[in-house]
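Values below: every heavy atom of this structure, side chains too, minus hydrogens, waters and symmetry copies. Heads up: numbering here begins at 1 and tracks the sequence.
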Amino acid sequence: MSTEPPPPGRGDAPDPDRPPPGGPPPAGGPPPGGPPPHGRPPSSGGPPGGSPPYGTPPPRPGGPHEGGGPYGDGGPEGGGPYGGGGPQGPYDGTDPLAGMPPLADSGKRVLARIIDMILVGVVVWLLSWAFHTVEYNLEATKVDTGKSLGQSVIAAVLYTAYDTILISRTGQTLGKRLLSMRVANLDDGSNPSLQASLIRALVLWLPFAFCCACVWTAICGGWSFFDRPYKQGLHDKAARTVEVSTAV
């Protein structure tokens, strides 16, 4: 009869005096491995990148002035039109003038407008003369010249077309070109669209042509002397535009 112990089988009970494979469990804690709650809990270091609850947000895409936009490489943060920290504008909490050239001087804007008025006014007068829309009231000691409705229509059409076409193409009328300034969209610095240019021209020239030429010109154009921070006239506000210097 053999004295060797039989090999252990499936049904053999574990020997209480024999340590489990892999060594005894660490004192005071659950065994390593295995699913929670008895295994090792997942890392509590938080999501990669940082701060709770969602980690560090991805970098915000560049604003309209980054990457060689119409105003150069200026970023949207911290800058007014002169490069320093300026007030935040209405566009997503950033200043739309960041990186933009300096705003045009209000006095030069008035002078450019006078140049445009004279240039177009000469054409209006010639067409009014050709279409016999100028009225003359002769008296013994003076000559009074009044504008008829026909002359007002000619003036409104020519001034509006002049401003709309040139501003939508280059951002400049002849007067603005002579004085080194241009009209730009407030949000991205590009030339105003045809629609925006038309709105701007109508606000500026319709009252001028039909009713209160001197008063409306003073109010609409003179508004830029007091407007902050964008120096906009009423026509600029209607079209969401600004005027900037193009002088090097």
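- When hydrophobic clusters are built by joining Ile, Leu, Val, Met, Phe, Trp and Tyr residues whose side-chain heavy atoms come closer than 4.5 Å, directly or via intermediates, Leu119 is grouped together with Leu178.
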Applying salt bridge (Lys or Arg N to Asp or Glu O under 4.0 Å) to Lys237 and Asp227, what does each step give before you reach the verdict? CA-CA 10 Å; Lys237 290 185 177 295; Asp227 183 74; 2.7 Å; yes
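- With a 4.5 Å cut-off on side-chain heavy atoms, Val242 and Lys231 do not count as touching.
- Taking all atoms of both residues into account, the shortest heavy-atom contact from Ile165 to Ser168 is O-OG, 3.0 Å.
- Two residues are said to be in side-chain contact when any heavy atoms from C-beta on lie closer than 4.5 Å; Arg200 and Asp236 meet this criterion.
- Looking at residues two or more places apart in sequence or on another chain, you find a side chain to side chain donor-acceptor pair (under 3.5 Å) between Asp116 and Tyr162, Thr173.
- Under the 4.5 Å side-chain heavy-atom criterion for Ile, Leu, Val, Met, Phe, Trp and Tyr, Val123 and Leu166 are members of the same hydrophobic cluster.
- Contact record, Leu194 with Thr164: CD1-CG2, 3.6 Å, taken as the closest heavy-atom pair.
- Under the side-chain contact (heavy atoms from CB on, under 4.5 Å) rule, Ile118 has a single partner from Val120, Ile115, Ile114, which is Ile114.
- Of the possible polar contacts, one joining the Ser224 side chain to the Gly221 backbone as a donor-acceptor pair under 3.5 Å is found.
- The hydrophobic clustering, which links ILVMFWY residues whose side-chain heavy atoms are closer than 4.5 Å, places Val153 and Leu198 together.
- Leu234 and Tyr230 fall into different hydrophobic clusters, defined by Ile, Leu, Val, Met, Phe, Trp and Tyr side-chain heavy atoms under 4.5 Å apart, directly or through other members.
- Taking a cutoff of 4.0 Å between a charged side-chain nitrogen and a carboxylate oxygen, Asp187 and Arg240 do not qualify as a salt bridge.
- Annotation for Ser197 and Ile167: closest pair OG-CG2, 3.5 Å, computed over non-hydrogen atoms.
- Between Arg109 and Leu103, the closest side-chain pair of non-hydrogen atoms is not below 4.5 Å.
- Phe131 and Leu158 fall within a single hydrophobic cluster, where Ile, Leu, Val, Met, Phe, Trp and Tyr side chains are chained together by heavy-atom contacts under 4.5 Å.
- Of the listed residues (Gln232, Lys176, Lys108, Gln172), just one forms a side-chain hydrogen bond (donor to acceptor under 3.5 Å, both in side chains) with Glu243, and that residue is Lys176.
- Here the shortest heavy-atom pairing between Ser128 and Gln151 reads OG-CG, 3.1 Å.
- For the pair Leu186 and Thr241, the minimum side-chain heavy-atom distance is 4.5 Å or more.
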Pair up each side-chain donor or acceptor in residues 201-218 with any protein partner under 3.5 Å, not counting sequence neighbours, and list the distances.
{"from": "Trp216", "atom 1": "NE1", "to": "Val203", "atom 2": "O", "distance (Å)": "2.9"}
{"from": "Trp216", "atom 1": "NE1", "to": "Leu204", "atom 2": "O", "distance (Å)": "3.4"}
{"from": "Thr217", "atom 1": "OG1", "to": "Ala213", "atom 2": "O", "distance (Å)": "2.7"}

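- The shortest side-chain heavy-atom distance between Ser245 and Met181 does not fall under the 4.5 Å cut-off.
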